[in-house]
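Each remark here refers to the structure printed beneath this line.
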Amino acid sequence: MLQEGEQERGKWTTNLLVEGNRMLGELVITDAHIYFKSQYLISLESVVRMGAFKQYGNDAEQMLCIPRKSVSRITAEEKMLKKKILLETTAGNLVIDNGMMSVKAMMQALEPEGLSVERR
């Protein structure tokens, strides 16, 4: 998954919401990219049509690769039982939904790149 010379900053199992579709999988944040490897198909058809995912192996696994340069804004929403990170990218908006688990470590992995980071 990682490209040569890339350094991993963190890895989590979480949910990703894209255009109303929910996927459970592995989120990996590096110094150059944000990767999401979907492990469970939950209505991925519209995402695949969108062209954001590259096919690796069988239909049940889809890989999203977002260059960190394409992320213009990051917003953390931490309410009682809902912890989310909203990513605004040049390809569209994504939501990392971590349920009731903290998003602090994810935000720390994302922050060092000088992005516009907001907490609500």
Side-chain angles (χ1 to χ4, degrees):
M1 179 177 353
L2 299 182
Q3 297 178 18
E4 190 173 326
E6 232 176 334
Q7 293 187 3
E8 186 178 302
R9 294 191 172 173
K11 184 187 298 187
W12 300 268
T13 298
T14 191
N15 294 288
L16 184 69
L17 299 152
V18 181
E19 292 188 355
N21 295 300
R22 178 180 292 272
M23 294 152 278
L24 175 65
E26 182 179 69
L27 175 73
V28 178
I29 299 172
T30 72
D31 56 342
H33 294 91
I34 300 167
Y35 297 101
F36 185 80
K37 181 178 180 182
S38 173
Q39 296 171 342
Y40 294 98
L41 280 174
I42 304 173
S43 184
L44 283 176
E45 290 79 15
S46 67
V47 177
V48 173
R49 271 188 247 117
M50 196 174 78
F53 280 82
K54 295 179 184 176
Q55 185 87 26
Y56 293 95
N58 64 40
D59 288 340
E61 293 183 348
Q62 302 287 330
M63 176 71 74
L64 174 65
C65 176
I66 305 167
R68 289 182 65 127
K69 292 183 264 181
S70 74
V71 179
S72 59
R73 183 182 201 144
I74 300 171
T75 305
E77 287 187 359
E78 296 185 84
K79 298 177 183 169
M80 287 290 280
L81 298 175
K82 292 185 178 183
K83 311 291 193 287
K84 297 180 181 180
I85 297 175
L86 310 170
L87 295 174
E88 292 179 25
T89 74
T90 54
N93 297 336
L94 307 169
V95 177
I96 299 167
D97 183 350
N98 215 30
M100 62 176 144
M101 303 297 289
S102 175
V103 294
K104 287 182 182 181
M106 290 178 192
M107 288 298 289
Q108 288 174 344
L110 290 166
E111 283 180 348
E113 294 300 311
L115 298 171
S116 173
V117 175
E118 184 180 328
R119 285 188 166 81
R120 294 189 217 168

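Atoms considered below: every heavy atom in the structure, side chains included; atoms not considered: hydrogens, waters and symmetry mates.
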Does [X] reach the side chain of [Y], with side-chain heavy atoms less than 4.5 Å apart?
| X | Y | result |
| --- | --- | --- |
| Glu78 | Lys104 | yes |
| Leu27 | Ile29 | yes |
| Phe36 | Thr14 | yes |
| Val71 | Ile34 | yes |
| Asn98 | Met106 | yes |

Once you round to the nearest 0.5 Å, how far does [atom1] of [X] lie from [atom2] of [Y]?
| X | Y | atom1 | atom2 | result |
| --- | --- | --- | --- | --- |
| Asp97 | Leu17 | CG | CG | 5.5 Å |
| Leu24 | Ser38 | CG | OG | 7.5 Å |
| Met100 | Leu81 | CE | CG | 6.0 Å |

_By the ring pair (Phe, Tyr, Trp, His ring centres under 6.0 Å) test, which pairs, at least two apart or in different chains, include something from residues 74-93?_
none

*asked:* For Asn15, give me all partners under side chain to side chain donor-acceptor pair (under 3.5 Å), at least two apart in sequence or on another chain.
replied: none

*Check side-chain contact (heavy atoms from CB on, under 4.5 Å) between Glu6 and all other residues, then give those that pass, not counting sequence neighbours.*
Leu2, Gln3, Thr30, Asp31, Ala32, His33, Tyr35

*Who are the side-chain contact (heavy atoms from CB on, under 4.5 Å) partners of Lys11, not counting sequence neighbours?*
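Listed in chain order: Glu8, Glu26, Val28.
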
Listed pairs under 3.5 Å, donor-acceptor, residues 85-93 side chains, sequence neighbours left out:
| from | atom 1 | to | atom 2 | distance (Å) |
| --- | --- | --- | --- | --- |
| Thr89 | OG1 | Ala91 | N | 3.2 |
| Thr89 | OG1 | Gly92 | N | 3.1 |
| Thr89 | OG1 | Gly92 | O | 2.5 |

*Which pair of heavy atoms, one from Ala109 and one from Arg68, lies closest together, and at what distance?*
O-NH1, 3.3 Å

